[in-house]
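Following: one structure in structure tokens, then a few remarks.
Reminder, nothing fancy here: chain letters follow the sequence lines and each chain counts from 1.
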Number of protein chains: 2
Amino acid sequence: MTKDRLQQQMNFLVEMDKLKTVYRRAYLAADPQRRENTAEHSWHVAMMALILQETAGEEIDISRVIRMLLVHDIVEIDAGDTGIYDKKASLDKAVREKRAAERIFSLLPEDQQLEISGLWDEYEKGISAEARFARAVDRLIPLIHSYYTGGKRWQEDGITFEQVYAVNQTISQNCPRLWQFAQSLIYDSVSKGYLKGSG
Amino acid sequence: MTKDRLQQQMNFLVEMDKLKTVYRRAYLAADPQRRENTAEHSWHVAMMALILQETAGEEIDISRVIRMLLVHDIVEIDAGDTGIYDKKASLDKAVREKRAAERIFSLLPEDQQLEISGLWDEYEKGISAEARFARAVDRLIPLIHSYYTGGKRWQEDGITFEQVYAVNQTISQNCPRLWQFAQSLIYDSVSKGYLKGSG
């Protein structure tokens with residue numbers, strides 16, 4: 001291994017530190033005063049996949065799911081977090097993230113560039129069993145945060161039951177077992193007054 | 001799968017949120033005003049292992065290394081972060097962490113309790129090839145943070161070259177290839193005035 005190769009890898013890893021400064025819409029269940037950043041989110045969602053792997057409705061390679069989740073949001077270093085209910089920002093999300101992927105992954109040696117961008121692309125397309133399960137878990141986690149903070153983010157952003165139900169169809173399609181759980185959180189949120197209908 | 005089993009897993013995963021509120025001594029390279037928390041640290045160190053796996057001097061199962069690093073600091077939810085140069089706190093670290101492990105891992109269903117505490121124990125003992133590589137990478141990351149923040153934490157805590165050199169012998173013993181790189185960071189830190197000798 002040449003010194004240049006290791007230096008390229010280190011430059012990429014130092015760049016990764018920036019993901020700790022990208023803040024999302026979700027508030028922490030453990031500290032509802034603070035929003036979650038994307039680096040800690042990425043750890044939490046990888047832990048969730050590890051613990052919940054048996055809920056996947058199809059055979060999955062869990063180590064591939066975990067690697068996918070470690071890298072799935074790296075593009076937010078340049079593109080920022082795009083809120084799932086933010087229709088305006090969602091319009092050019094794909095373009096912004098593609099540009100970010102090109103710059104950030106190109107810091108790596110070429111073989112690793114292909115490997116990491118391959119994982120990211122697989123996640124984005126969501127067509128493998130691993131990507132489907134990863135996307136379901138990634139969608140479940142903000143629901144858990146909203147539930148355990150009494151719907152703080154929903155109320156601030158004026159999000160309704162109908163929007164939450166629609167956005168979480170990703171879980172319904174990708175992981176029926178987790179959808180049962182997600183539905184119970186949504187209905188309980190309505191019953192507790194955390195979440196209101198649009199009517 | 002019973003409802004109870006899934007509920008136990010979810011209780012554990014909600015508990016995990018607390019790791020985002022455990023702050024370490026290291027300052028972020030991307031934002032030297034803020035200390036790093038243990039959840040984002042755990043993501044970063046897992047990413048480092050993924051990217052640097054070829055530097056391990058022996059054959060390793062990288063997916064085991066990554067799982068180990070995802071869980072290696074969970075006990076800090078109860079035990080807090082124990083600074084590597086804090087001799088006083090290090091005295092009862094093992095006792096505090098063992099007690100934390102018992103409480104936190106027992107939230108999981110029994111089979112997963114064994115799996116996760118097994119990974120943690122393997123990391124702590126550092127006797128497998130996977131644990132050795134994981135420990136080397138975990139030791140490298142604060143060095144990178146100190147270097148890229150101009151030695152901020154070393155200066156605040158009055159840490160000397162001799163202490164840094166001694167503490168990083170873990171890297172020398174566990175991963176000679178990364179030790180070469182770590183040494184170059186240490187010497188360059190001295191040469192740039194980030195780090196001073198004790199004499």
Side-chain angles (χ1 to χ4, degrees), chain A residues 1 3 5-7 9-10 12-22 28-31 34 36-48 50-52 54-55 61-64 66-67 69-71 74 77 108-109 112 115-116 119 140-141 144-145 147-148 177-178 180-181 184-185, chain B residues 1 3 5-7 9-10 12-22 28-31 34 36-48 50-52 54-55 61-64 66-67 69-71 74 77 108-109 112 115-116 119 140-141 144-145 147-148 177-178 180-181 184-185:
Chain A
M1 190 166 65
K3 196 186 166 194
R5 181 171 169 87
L6 184 57
Q7 193 56 60
Q9 292 167 330
M10 291 294 178
F12 174 80
L13 290 166
V14 171
E15 183 74 16
M16 289 303 97
D17 215 51
K18 294 183 183 164
L19 205 60
K20 301 169 188 170
T21 68
V22 175
L28 297 188
D31 176 8
R34 175 163 90 68
E36 188 187 35
N37 73 57
T38 300
E40 61 196 2
H41 158 76
S42 300
W43 166 77
H44 205 171
V45 77
M47 276 298 299
M48 286 191 77
L50 177 64
I51 299 299
L52 299 175
E54 70 201 32
T55 66
D61 170 357
I62 186 62
S63 95
R64 188 165 184 84
I66 289 174
R67 279 178 289 143
L69 286 169
L70 289 177
V71 308
I74 286 175
I77 287 174
L108 284 167
Q112 292 192 308
E115 182 197 343
I116 302 297
L119 283 169
L140 180 62
I141 202 168
I144 291 177
H145 278 121
Y147 181 81
Y148 281 94
R177 185 65 193 88
L178 288 183
Q180 284 178 38
F181 180 82
S184 71
L185 283 190
Chain B
M1 190 166 64
K3 198 189 165 192
R5 181 172 169 86
L6 184 58
Q7 193 57 58
Q9 292 166 329
M10 290 294 178
F12 173 81
L13 291 166
V14 171
E15 183 73 16
M16 290 301 98
D17 215 50
K18 294 182 183 164
L19 205 60
K20 301 170 188 168
T21 68
V22 175
L28 297 188
D31 176 8
R34 175 162 90 68
E36 189 185 35
N37 73 57
T38 300
E40 60 195 3
H41 159 75
S42 300
W43 166 77
H44 205 171
V45 78
M47 276 298 299
M48 287 191 76
L50 178 63
I51 299 298
L52 299 176
E54 69 201 30
T55 66
D61 170 357
I62 186 62
S63 96
R64 188 163 183 85
I66 289 173
R67 277 178 291 144
L69 286 168
L70 289 177
V71 308
I74 286 174
I77 287 175
L108 284 167
Q112 293 192 307
E115 182 197 344
I116 302 297
L119 283 169
L140 181 61
I141 202 168
I144 291 176
H145 278 122
Y147 181 81
Y148 281 94
R177 184 68 194 86
L178 287 184
Q180 285 177 37
F181 179 81
S184 71
L185 283 190

Taking all non-hydrogen atoms of both residues into account, name the closest pair between [X] and [Y] and its distance.
| X | Y | result |
| --- | --- | --- |
| A:Ile74 | B:Trp43 | CG1-CZ2, 4.4 Å |
| A:Arg34 | B:Lys20 | NH2-O, 2.9 Å |
| A:Leu140 | B:Met10 | CD2-CE, 3.6 Å |
| A:Ala30 | B:Asp17 | N-OD2, 3.0 Å |

- Message: Which atoms of A:Arg64 are under 4.5 Å from chain B, going by heavy atoms: the side chain, the backbone, both sets, or neither?
- Response: neither

- Under 4.5 Å from any heavy atom of chain B - which part of A:Gln180: neither

- Leading residue by heavy atom contact count with chain B [cutoff under 4.5 Å; candidates A:Ile144, A:Asp31, A:Val14]: A:Val14

- Message: Looking only at heavy atoms and a cut-off of under 4.5 Å, which of A:Ser42, A:Ala46, A:Ala39 has the most pairs with chain B?
- Response: A:Ala39

- Starting at CG of A:Leu119, measure out to CG of B:Leu50 and round the result to the nearest 0.5 Å. 7.5 Å

- Query: chain A heavy atoms under 4.5 Å from B:Ile66: which part of the residue, side chain, backbone, both or neither?
  - Reply: side chain

- Task: Give, as side chain, backbone, both or neither, the part of B:Ile116 having an atom under 4.5 angstrom from any heavy atom of chain A.
- Result: side chain

- Item | Side chain to side chain, A:Arg177 and B:Leu6, heavy atoms closer than 4.5 Å | yes

- Task: List for me each residue that meets side-chain contact (heavy atoms from CB on, under 4.5 Å) alongside B:Gln112, sequence neighbours excluded, and say none if there are none.
- Result: A:Ile51, A:Glu54, B:Arg5, B:Gln9, B:Leu108, B:Pro109, B:Glu115

- Note on the structure: Residues at least two apart in sequence or cross-chain that pass side-chain contact (heavy atoms from CB on, under 4.5 Å) with A:Glu15, listed by chain then number, are A:Lys18, A:Ile77, A:Arg103, A:Leu107

- Message: If we ignore hydrogens and angles and just use 3.5 Å, is the side chain of B:His44 paired with the main-chain N or O of A:Leu13 as donor and acceptor?
- Response: yes

- Message: Testing A:Thr38, A:Asn37, A:Thr21 one by one against B:Glu40 for a side-chain hydrogen bond (donor to acceptor under 3.5 Å, both in side chains), which residue passes?
- Response: A:Asn37

- Note on the structure: Checked B:Phe181, B:Tyr148, B:Phe12 vs chain A; the most non-hydrogen pairs under 4.5 Å come from B:Phe181

